[in-house]
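Here's the structure we're looking at; comments come further down.
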2 protein chains.
Amino acid sequence: MRVRPEALKGHLDGLLLAVLENGPRHGYAIIEAVRTGSGGTFDLQTGTVYPALHRLERAGFIESRWHVIGGRRRREYELTASGRRALGDERAVWAEFAGAVSSLLGGRTWPADAS
Amino acid sequence: MRVRPEALKGHLDGLLLAVLENGPRHGYAIIEAVRTGSGGTFDLQTGTVYPALHRLERAGFIESRWHVIGGRRRREYELTASGRRALGDERAVWAEFAGAVSSLLGGRTWPADAS
DNA sequence: ACCAATAGGTAGTGATGCGATATGTAGTGG
DNA sequence: CCACTACATATCGCATCACTACCTATTGGT
């Protein structure tokens with residue numbers, strides 16, 4: 001993780017949903033997709049991802065099916081229709097959040113220096 | 001707060017430092033600057049800001065001085081040199097973080113750059 | 001006298017990502 | 001046959017940190 005760990009709080013679910021938008025994946029593959037897709041910025045721990053996946057499944061945003069491939073059990077997660085809507089919401093939230101932070105952080109000294 | 005509260009985690013300090021870059025402010029004024037500067041997205045509570053300011057002061061990123069203006073006590077916070085460096089770090093961290101999230105979320109909802 | 005706005009503050013809570021740890025299979029090197 | 005590594009899933013306790021709720025106090029308007 002090249003950024004402070006807490007920074008991800010509140011944004012993880014959206015990332016996981018976005019990865020699953022490109023087709024079903026199992027946990028390990030999701031971790032890799034996030035790592036490569038973020039250019040190495042996010043290197044999630046399994047203790048981060050699996051609880052998050054269970055949470056998303058309880059919320060009805062993803063569904064899972066067990067597979068056994070080469071004697072190795074895999075649980076594949078897939079976006080539900082509800083999850084697709086949630087992803088849309090996440091994108092809107094992110095756009096507003098990122099816009100607000102960027103405007104404050106990068107914002108050149110706006111003239112509202114009221115005194 | 002128009003975004004989920006947890007979303008701010010890990011990014012608040014940078015916003016406060018950025019506001020103080022435009023000159024010393026007291027707590028209430030900081031809250032207003034964040035609200036207007038974020039276009040209303042971030043409406044911070046006093047219980048959010050004051051502990052954060054104390055934390056930043058303990059870390060040496062800001063300094064405070066008491067004033068009494070019209071019988072009302074105000075505590076004005078000011079960026080230190082160390083805080084200015086920290087703000088630079090925060091900006092770099094935010095750029096990397098936002099880039100990674102945007103790249104994963106895919107939605108090209110967020111302006112590519114300035115220029 | 002009362003009340004809203006301003007101004008500063010603390011305590012407790014809850015959500016959640018992380019580190020550590022456990023379990024198990026499959027393949028490789030010695 | 002054993003050690004080791006990579007793959008794969010899972011759980012638990014911890015620490016962080018913003019939030020809610022609450023408190024005190026002054027000013028100025030009604």
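Convention: sequence-line order gives letters A, B, ...; per-chain numbering from 1.
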Think [X] has a side-chain N or O under 4.0 angstrom from the OP1 or OP2 of [N]?
| X | N | result |
| --- | --- | --- |
| A:Tyr50 | D:dT9 | yes |
| B:Arg73 | D:dT24 | no |
| B:Gln45 | D:dC19 | no |
| B:His54 | C:dT10 | yes |
| B:Arg74 | C:dA7 | yes |

- [ ] Decide yes or no, distance alone: a donor-acceptor N/O pair under 3.5 angstrom between the base of D:dA10 and the side-chain of A:Thr46.
- [x]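 Side chain to base: pair present.
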TODO: Quick one: sort the B:His11 and A:His11 rings into parallel, tilted or perpendicular, breaks at 30° and 60°.
DONE: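 B:His11 vs A:His11 ring planes: perpendicular.
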How long is the line joining [atom1] of [X] and [atom2] of [N], in whole Å?
| X | N | atom1 | atom2 | answer |
| --- | --- | --- | --- | --- |
| A:His67 | D:dC7 | NE2 | C1' | 17 Å |
| B:Asp43 | D:dT20 | CG | P | 10 Å |
| A:Asp13 | C:dG17 | CG | P | 6 Å |
| A:Lys9 | D:dC17 | NZ | P | 9 Å |
| A:Leu16 | D:dT9 | CG | P | 13 Å |
| A:Leu12 | C:dC18 | CG | C1' | 11 Å |
| A:Arg55 | D:dT9 | CZ | C1' | 17 Å |
| B:Glu76 | C:dT6 | CD | C1' | 15 Å |

Open item on the list: Nearest to the A:Leu44 side chain among D:dT9, C:dT10, C:dC18, which nucleotide is it?
Closed with: C:dC18
Task: Selection from C:dT6, D:dC7, C:dT10 that lies nearest to any side-chain heavy atom of A:Arg72 - done: D:dC7
Task: Shortest non-hydrogen separation from A:Pro51 to A:Thr46 and the atoms involved - done: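 Looking at all heavy atoms of both residues, the closest pair is CD-O, 3.7 Å.
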TODO: Find which nucleotide of DNA chain D each of A:Tyr77 and B:Ala52 is nearest to by heavy atoms, and output the residue with the more 5' nucleotide.
DONE: A:Tyr77
Task: Touch class at under 4.0 angstrom, heavy-atom based, for B:Gly47 against every strand present - done: base
- [ ] Only one of A:His26, A:Arg75, A:Glu76 passes side chain to side chain donor-acceptor pair (under 3.5 Å) with A:Ser64; say which it is.
- [x] A:Arg75
Open item on the list: A side-chain contact here means heavy atoms from C-beta on lying under 4.5 Å apart; do A:Ile62 and A:Leu16 qualify?
Closed with: no
Open item on the list: Side chains of A:Leu8 and A:Leu44, heavy atoms from C-beta outward: is any pair under 4.5 Å?
Closed with: yes
TODO: Using the closest heavy atom to pick a nucleotide of DNA chain C for each, name whichever of B:Thr48 or B:Glu32 lands nearer the 5' end.
DONE: B:Glu32
